[in-house]
Amino acid sequence: MATNQLGTFDKVMIYTSTGLILLGVVVLGIVEMLDGPPYVAEKTNQAGDVIATGGVDPAIRTGLVIAGVALLMLYGLYKLTAPDSGAAETVR
Amino acid sequence: MAHDAADSTVGEFDIRLAHPVAVYWVALLRVITGWWFFHSGLSKVLSDGFAYSYGWRYLRGMGDTVLGPLATWMGYNFPQVIEVMVPLGEMLIGLGLLAGVLVRLASLFGMFFMSLFWVGNADFNHGLVNGDLMGLLMFATMIVLAAGRYYGLDAVIEQTQFVKDHPRLRYLLG
């Protein structure tokens, strides 16, 4: 299905969920880079201890991504249970 | 016809130009992802049986992560279930992808596993995008592309009358 064939609800769900993922990974990644060293979310030593953290708490970034993934999963469950589910799916 | 920047398959471009290679490639990715999980589960079974005690200990240690409430709840309340379901779940997810059966359902559980691994391992020394996140995205890709339809048994299953009578099953197959 082309993106311009998606309904309003589909677009809201897809753009919101992927937007959350991009916000957590890319946008806050840029913020972290601009904030200065260590340029990564966490720096650990060989023992696994965190010795430096980036400008953005990794919990915030992973939380945004997980929220996006969870929203995508909910969208999938909605598609499974919606009354017209499967109508737009084509089998090759 | 005007070009749609959001979807190059609309108008003069046609995704079928890459079809033979793309189909094979999607199937290859599915099989490799399947083997990845099947091997992980099988190796746990061969070494610990269905008593993978590291699973619930791992979940209990995720308390300070963003998935902490869910992980610790599972780790403290269902340790015996976790011991069985980690290796068994990994093997079933892997088998599903290898054979191309119920790929979307299997990949949904794969995304759940990888979400826990990505957040729990927290291997962010080289940034937030690491192998665990790529694994999570790989499972999502299997769902979006309906990877089981390419050299997978879901292509056969979806042709059965039962699935044609219940088309929403294609959201679990495919």
Side-chain angles (χ1 to χ4, degrees), chain A residues 1-6 11 14-15 17-18 21 24-26 28-29 32-33 38-46 48 50-54 56-70 72-92, chain B residues 4-11 15-16 19 23 64-68 70 104-105 107-109 111-112 114-116 118-130 132-133 136-137 139-140 143-144 146 149-150 154-159 163-174:
Chain A
M1 193 192 323
T3 51
N4 56 5
Q5 292 175 314
L6 294 172
K11 286 183 178 177
I14 290 172
Y15 293 158
S17 55
T18 54
I21 294 171
V25 174
V26 181
L28 291 184
E32 192 174 75
M33 294 295 286
Y39 302 118
V40 289
E42 274 179 4
K43 200 83 179 169
T44 55
N45 59 19
Q46 288 191 327
V50 177
I51 54 175
T53 55
V56 184
D57 187 346
I60 293 174
R61 296 181 67 192
T62 53
L64 286 167
V65 175
I66 293 297
V69 168
L72 274 177
M73 288 177 169
L74 287 175
Y75 174 62
L77 290 175
Y78 161 76
K79 296 294 284 184
L80 177 66
T81 56
D84 62 345
S85 282
E89 282 275 295
T90 54
V91 181
R92 294 168 202 273
Chain B
D4 185 342
D7 188 348
S8 64
T9 64
V10 177
I15 199 169
R16 281 177 296 183
H19 193 256
V23 164
D64 58 349
T65 69
V66 71
L67 286 175
L70 174 67
R104 282 176 161 168
L105 179 65
S107 296
L108 183 70
F109 287 111
M111 287 180 71
F112 179 69
M114 289 313 302
S115 295
L116 288 166
W118 180 54
V119 173
N121 291 341
D123 184 13
F124 303 140
N125 260 327
H126 298 287
L128 214 67
V129 180
N130 55 23
D132 291 332
L133 180 62
L136 197 167
L137 295 177
F139 279 114
I143 294 174
V144 172
R149 291 176 188 166
Y150 310 110
D154 277 343
V156 178
I157 296 170
E158 288 190 336
Q159 297 298 331
V163 176
K164 287 178 179 172
D165 292 341
H166 303 86
R168 69 183 60 193
L169 286 174
R170 290 176 191 152
Y171 287 111
L172 301 179
L173 298 157

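Naming convention: chains lettered A, B, ... in sequence-line order (proteins, then strands); numbering from 1 in each chain. Predicted model only: the values in this text are computed from it and were never measured.
Under the side chain to side chain contact (heavy atoms under 4.5 Å, CB included) criterion, B/Leu67 pairs with A/Ile66, B/Met62, B/Thr65, B/Ser115, B/Leu116, B/Val119, sequence neighbours left out.
Ranked by heavy-atom pairs under 4.5 Å with chain B, the list A/Leu72, A/Val65, A/Val40, A/Leu77 is led by A/Val40.
Taking all atoms of both residues into account, the shortest heavy-atom contact from B/Arg168 to A/Leu80 is CD-O, 3.1 Å.
One distance of note links CG of B/Leu128 with CG of A/Leu28; it measures 9.0 Å at 0.5 Å rounding. Rounded to the nearest 0.5 angstrom, A/Thr81 OG1 and B/Tyr171 OH are separated by 10.5 Å. One distance of note links OG1 of A/Thr62 with CG of B/Leu133; it measures 10.5 Å at 0.5 Å rounding.
Remark: B/Phe109 CZ is loosely packed, at most 12 non-hydrogen atoms of other residues, nucleotides or ligands lying under 6.0 Å away.
B/Leu136 touches chain A through its side chain: at least one heavy atom from C-beta onward sits under 4.5 Å away, while N, CA, C and O do not. Heavy atoms closer than 4.5 Å to chain A are found in the backbone of B/His126, but not in its side chain.
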